[in-house]
Amino acid sequence: MSKKYDYSYTQDRELSWLKFNERVLNEAGKKSVPILERLKFLEIFTNNLDEFFMVRVGSIHEMSLIHDGHHDIRSNLTPDEQLMKISEHMAPLYRQRDRIFLDVSEELEKQGIVQCRLGELGDEEKLYLKNYFEIMVLPVLSPIVIAKQHPFPHIPNKVLHIGLRLKKKEKESFGIIAMPKDLDRMVFFEEGSLRFVLLEDIIAEFCDVLFPKYIIEEKGILCVTRSADIDPDDEIYENTDDYREHMRQIIKLRRRLHPVRLEFYGEQSRWMEKYLIKKLDITKRDVYQSLAPLDMKYVYALSDRVPEEQRKKGSYRPFYPALNRDFVPGESITKQILQGDKLLSFPFETMDSFVELLKESAADKETVSIKITIYRLAKQAKIVKYLCEAAENGKEVLVLMELRARFDEENNINYSEILEEAGCKVIYGIDGYKVHSKVCLITKKNSRGIYYITQIGTGNYNESTSKIYTDLSLLTASKAIGRDATKFFHNISVFHLEGEYDHLLVAPNSLKNNIIKYIHREKMKAESFQPSGIFMKMNSLADRQIIDALAEASCAGVPIFLLVRGICCLRPGIPGKTENIRVESIVGRFLEHSRIYSFGAGEDLEIFISSADMMTRNTRRRVEVACPIYDPALRERLREMMEILKKDNVQATRMLSDGEYVSKRKKGETPLSSQVYFMNEAKRLQPKPKPKKKGLLASVGSRLFRRKQKR
């Protein structure tokens, strides 16, 4: 018999995610945000939406075909009902994006940055574009007319196409042209100009020449989004013993999965819509019209083209990560960690300290081994460079490379080959479980015996995203943490997920159970009138058991503060259920990504940093790690950080009991942006490089110079 759930204080995961992306879109609508940043927020919103359809809508669509009787444990909706609700919420989001794109475009036009429409151009400019089309574009186009000899083609995922309704001797046909991949997306009228036309508009305008025997009745710019929801561990996709080759095949398969969305840019042809609905086997609710371009990745190239002074005015004030406050520049990173735990806070502080640690360890004769779990890496990763150097220097290097990091599979495959060629031992995770933890263990040996340096973080070893994601990284020489990390790498190397640890909380075996125990402990304290409290910062909260445990703690009187960037399936403020829970979300210049789990109050406070969100996929189907913070100074630093996050009234919004979000800022209240605060604090507290010691000859020379000056 299935368990009965209380749905009075929970909400649907997908609809909660859409509200998060709406908060991203709202940043694009704020006049206080610099204009070029508003344009980038539009691109982020659009890209987020693409991934949502590929991953989540794709997954629900598959579930609707296989498990039509399934009910979501947070909303009680069936898959079909979820798809219907998503469609209902999407229409106003598209309209809102169109309004904001129009507003942003008008502001950009005042500054001379203009996306031109063909109908607004003069004859001379149209002739210039026509010549450009004939010389640069026409030779690389491959038009198709659907007929017996040319059956309906596969339309690849997220590739713009020009669709045409063609007529020949009273017979109607469908023509289609794929956008070429290797041409510039924007065509500018002259060198240094910021007036441009998008390539899709040019092709749509001049493509008639490709169909000389047809009358063109209608044209449309369209894009098909396909499901990307392939489980690499599904046995139906297994046909090779080489796991890297297996993942390459998965990437190819993803391009051919079932369509889940059809978008039209600009005017929408009813004939074309009806025709494609049938050919793509989708429904009318899967079709969307947009006045904003369907692919907005061009905005970064546009921003780069803007003159420097103008770009500065239209962008956030430049920020460069500071040196970590606890490290003395110029001294050995390794020796400083041996003297005491360090905590890096990205992007406010640089990742260079960790990279330098790997560099030192690669060359240090006391280093025995380096073991690391990798989920996502930068395109140019220094971390890989120093892991390779360590292997070439005779150190044992074990890299668990998760090839199933969605949309980063190709990058990870390439790096796994580079690491293997350098002599590193590379393994690829565990069947049915993604390894999402962020752990690096450096084992060293000297005359006194074995010792460890362990790094455990909330975010990826990605030097690029560490400059735009907020994350935390602990560097410790703790023997206790080092021994647990040693067990961790032993266990994942032999696929033993039930291992027990003295200090680390490790999913799927012990993390969730221990989090629930800590929540229950606070509940018991509140019931016996002792000080209690819970603070949890994460990207998403969807695990039903965690939600129910928090609701029970709330009923006992525990004050609970949940800072959840994205999905939050718990609704706060429900009388008798979640009235002691406050839910907030911060969306700003940097992507909030750190996970902090804090239980207790005062001296009783226990704090963990973790790679895991409180979602079922993380707590049950991934290898995740949460690490306690024992150092008193670092605990105090995190406590202060949590207080600042709570006080944010600029980028933070508060969730109401109906699941909607509102601004926190009260009239007359002093504004506080946590991200701006942390930027300023990092710069203020960064250590000053030590002055270089002058040699004897330099000091003598200096004295002689001063004597001459006196004479």
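Residue indices begin at 1 and follow the sequence shown.
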Student: Is there a donor-acceptor contact under 3.5 Å from the side chain of S657 to the main chain of G573?
Tutor: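 No, because the side chain of S657 does not come within donor-acceptor range (under 3.5 Å) of the backbone of G573.
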Student: Using modelled atom types only, decide if a donor and an acceptor are shared between the side chain of E43 and the backbone of M296 within a distance under 3.5 Å.
Tutor: no
Student: Decide if atom NZ of K85 counts as having more than 12 heavy atoms of other residues, nucleotides or ligands within a radius under 6.0 Å.
Tutor: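 Atom NZ in K85 is not crowded, with 12 or fewer foreign heavy atoms closer than 6.0 Å.
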Student: Could you please spell out the steps behind the side chain to side chain contact (heavy atoms under 4.5 Å, CB included) verdict for L497 and I430?
Tutor: CA-CA 9 Å; L497 298 181; I430 302 166; 3.3 Å; yes
Student: Give the C-alpha distance, both sets of side-chain angles, the deciding distance and a yes or no for side chain to side chain contact (heavy atoms under 4.5 Å, CB included) between Q675 and I586.
Tutor: CA-CA 9 Å; Q675 293 186 358; I586 293 176; 4.3 Å; yes
Student: Taking D648 for the side chain and S674 for the main chain, is one N or O donor matched with an acceptor at less than 3.5 Å?
Tutor: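 Pair found, side chain donor or acceptor close to backbone of S674.
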Student: Report the relative orientation of the aromatic rings in Y469 and H593; use parallel for angles under 30°, tilted for 30 to 60°, perpendicular for over 60°.
Tutor: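 Taking H593 first and then Y469, their aromatic rings sit tilted (interplane angle of 30° to 60°).
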Student: Identify which one of Q82, H71, E14 satisfies the side chain to side chain contact (heavy atoms under 4.5 Å, CB included) criterion when paired with L77.
Tutor: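 Considering Q82, H71, E14, a side chain to side chain contact (heavy atoms under 4.5 Å, CB included) with L77 is found only for Q82.
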Student: If I take atom CZ from residue R544 and atom CZ from residue R13, how far apart are they, to the nearest 0.5 angstrom?
Tutor: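 Reported to 0.5 Å precision, the distance equals 15.0 Å.
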Student: Does the side chain of N26 come under 3.5 Å of the side chain of Q96 through a donor N or O and an acceptor N or O?
Tutor: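 Note: N26 and Q96 side chains meet the donor-acceptor criterion.
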Student: Determine whether D543 and N618 make a side-chain contact, defined as any pair of heavy atoms from C-beta on separated by less than 4.5 Å.
Tutor: no
Student: State whether F599 and R521 meet the cation-pi test: NZ (Lys) or CZ (Arg) under 6.0 Å from the six-membered ring centroid, and within 45° of the perpendicular axis.
Tutor: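 Output no; distance or angle outside limits.
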Student: Can you see whether Y433 has R622 sitting over its ring - NZ or CZ less than 6.0 Å from the centre and within 45° of the normal?
Tutor: no
Student: Check whether any side-chain heavy atom of V24 sits under 4.5 Å from a side-chain heavy atom of F41, and report yes or no.
Tutor: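 They are in side-chain contact.
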Student: Taking the side chain from R595 and the backbone from M614, do they hold a donor-acceptor pair closer than 3.5 Å?
Tutor: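 Pair absent, no side-chain N/O of R595 close to backbone of M614.
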Student: With a distance cut-off below 6.0 Å to the six-membered ring centre and an angular limit of 45° from the axis, does R261 pair with F53 as a cation-pi contact?
Tutor: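 Yes, R261 lies over the aromatic ring of F53.
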Student: With a 3.5 Å cut-off and no angle check, do the side chains of S540 and D613 form a donor-acceptor pair?
Tutor: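 The criterion, which ignores hydrogens and geometry beyond distance, is not satisfied for D613 and S540.
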Student: Salt bridge (charged side-chain N to carboxylate O under 4.0 Å, His left out), that's the test. Do D12 and R74 meet it? Break it down for me.
Tutor: CA-CA 6 Å; D12 188 73; R74 293 156 292 251; over 6 Å; no
Student: Using modelled atom types and a 3.5 Å cut-off, is there a donor and acceptor pairing between side-chain atoms of N21 and backbone atoms of F45?
Tutor: yes
Student: A cation-pi test, strictly: NZ or CZ of K434 under 6.0 Å from the centre of the six-membered ring of Y375 and no more than 45 degrees from its axis. Yes or no?
Tutor: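 So K434 doesn't make the cation-pi contact.
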Student: State, yes or no, whether a side-chain contact exists between T470 and P347 at a heavy-atom distance under 4.5 Å.
Tutor: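 They are in side-chain contact.
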Student: Please check if the side chain of Y518 supplies one atom and the backbone of I534 the other of a donor-acceptor pair under 3.5 Å.
Tutor: no
Student: Just wondering, do R99 and R95 contact through their side chains at under 4.5 Å, heavy atoms?
Tutor: yes
Student: Can the ring centroids of F346 and F590 be said to lie less than 6.0 angstrom from one another?
Tutor: no
Student: How many angstroms lie between atom CD of E522 and atom CD of Q530, to the nearest 0.5 angstrom?
Tutor: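 Between E522 CD and Q530 CD, I get 9.5 Å after rounding to 0.5 Å.
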Student: Where does the angle between the aromatic ring planes of W17 and F20 fall among parallel (under 30°), tilted (30 to 60°) and perpendicular (over 60°)?
Tutor: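 Because their plane-to-plane angle is over 60°, the rings of W17 and F20 count as perpendicular.
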Student: Taking only Lys NZ, Arg NE, NH1 and NH2, and the carboxylate oxygens of Asp or Glu, determine whether D103 and K31 approach each other closer than 4.0 Å.
Tutor: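 Answer for the salt bridge query: yes.
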Student: So, N460 side chain and N462 main chain: donor-acceptor pair closer than 3.5 Å or not?
Tutor: no
Student: Hey, are N649 and K666 close enough side-chain-wise for a donor-acceptor pair under 3.5 Å?
Tutor: no
Student: Where the side chain of N157 meets the backbone of R226, is there a donor-acceptor pair that is under 3.5 Å apart?
Tutor: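 Answer holds: yes.
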Student: Does the side chain of R285 reach to within under 4.5 Å of the side chain of L83, using non-hydrogen atoms?
Tutor: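 In short, these two side chains touch, coming nearer than 4.5 Å.
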Student: Assess, by modelled atom type and distance only, whether the side chains of S437 and E624 contain a donor and an acceptor separated by less than 3.5 Å.
Tutor: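 Absent: no donor and acceptor within the cut-off.
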Student: Would you say that more than 12 heavy atoms from the other residues, nucleotides or ligands in this model lie under 6.0 Å from the CZ of R639, or not?
Tutor: yes
Student: Could you go through Y597 and F608, starting from their C-alpha distance and side-chain angles, then the distance that decides it, and tell me whether this counts as ring pair (Phe, Tyr, Trp, His ring centres under 6.0 Å)?
Tutor: CA-CA 5 Å; Y597 301 127; F608 295 82; 8.2 Å; no
Student: Can you find a heavy atom in the side chain of L291 that is under 4.5 Å from one in the side chain of Y265?
Tutor: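 No; the side chains remain at least 4.5 Å from each other.
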Student: About how many Å separate CG of L25 and CZ of F101, when rounded to the nearest 0.5 Å?
Tutor: 12.5 Å
Student: Which distance, rounded to the nearest 0.5 Å, do you find between the CG of D471 and the CG of L344?
Tutor: 11.0 Å
Student: Hey, is K284 close enough to E273 for a salt bridge, meaning N to O under 4.0 Å?
Tutor: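 Yes, K284 and E273 are salt-bridged.
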Student: After noting the C-alpha distance and the side-chain angles of D604 and K525, does the key distance pass the salt bridge (charged side-chain N to carboxylate O under 4.0 Å, His left out) rule?
Tutor: CA-CA 11 Å; D604 188 37; K525 283 159 59 177; 2.2 Å; yes
Student: Do I86 and F52 have side chains that approach each other closer than 4.5 Å (heavy atoms only, starting at C-beta)?
Tutor: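 In contact.
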Student: When you compare the side chains of S510 and N513, does any donor N or O come within less than 3.5 Å of an acceptor on the partner?
Tutor: no
Student: Between atom OG of S610 and atom CD1 of I456, what is the distance when rounded to the nearest 0.5 Å?
Tutor: 9.5 Å
Student: Salt bridge check: are E27 and K30 linked by an N-O gap of less than 4.0 Å?
Tutor: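 A salt bridge links E27 with K30.
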Student: Tell me, with the steps shown, if L262 and L222 meet side chain to side chain contact (heavy atoms under 4.5 Å, CB included).
Tutor: CA-CA 7 Å; L262 170 63; L222 59 96; 4.3 Å; yes
Student: Between R571 and T578, do the side chains contain a donor N or O and an acceptor N or O under 3.5 Å apart?
Tutor: no
Student: Go through it in stages, so that I can follow the logic: the residues are K537 and E592, the test is salt bridge (charged side-chain N to carboxylate O under 4.0 Å, His left out), and I'd like the CA-CA distance, side-chain angles, deciding distance and then a yes or no.
Tutor: CA-CA 9 Å; K537 180 180 186 294; E592 291 292 332; 2.9 Å; yes
Student: Can you list every pair that meets salt bridge (charged side-chain N to carboxylate O under 4.0 Å, His left out) and has a residue in residues 572-589, with sequence neighbours left out?
Tutor: D6-K577, R582-E584, E584-K664
Student: Side chains of N509 and E498: donor-acceptor distance under 3.5 Å anywhere?
Tutor: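 No, no side-chain donor-acceptor contact under 3.5 Å.
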Student: When you compare the side chains of N539 and R565, does any donor N or O come within less than 3.5 Å of an acceptor on the partner?
Tutor: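 The criterion, which ignores hydrogens and geometry beyond distance, is satisfied for R565 and N539.
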Student: Run the ring-centre check on F678 versus F348 and record whether the distance is less than 6.0 Å.
Tutor: yes
Student: Does Y94 have R97 sitting over its ring (NZ/CZ under 6.0 Å from centre, angle to axis within 45°)?
Tutor: yes
Student: For a side chain to side chain contact (heavy atoms under 4.5 Å, CB included) check, start with the C-alpha distance between I546 and K512, then their side-chain angles and the critical distance, and finish with the verdict.
Tutor: CA-CA 8 Å; I546 300 288; K512 179 175 175 177; 4.1 Å; yes
Student: Decide yes or no for H503 and C627: does some side-chain heavy atom of the first lie under 4.5 Å from some side-chain heavy atom of the second?
Tutor: no
Student: Which is it for K646 and E643 under the salt bridge (charged side-chain N to carboxylate O under 4.0 Å, His left out) test, yes or no, and what are the steps along the way?
Tutor: CA-CA 5 Å; K646 288 179 182 180; E643 289 304 312; 3.6 Å; yes
Student: To the nearest 0.5 angstrom, please state how far the CD atom of E107 sits from the OG atom of S105.
Tutor: 10.0 Å
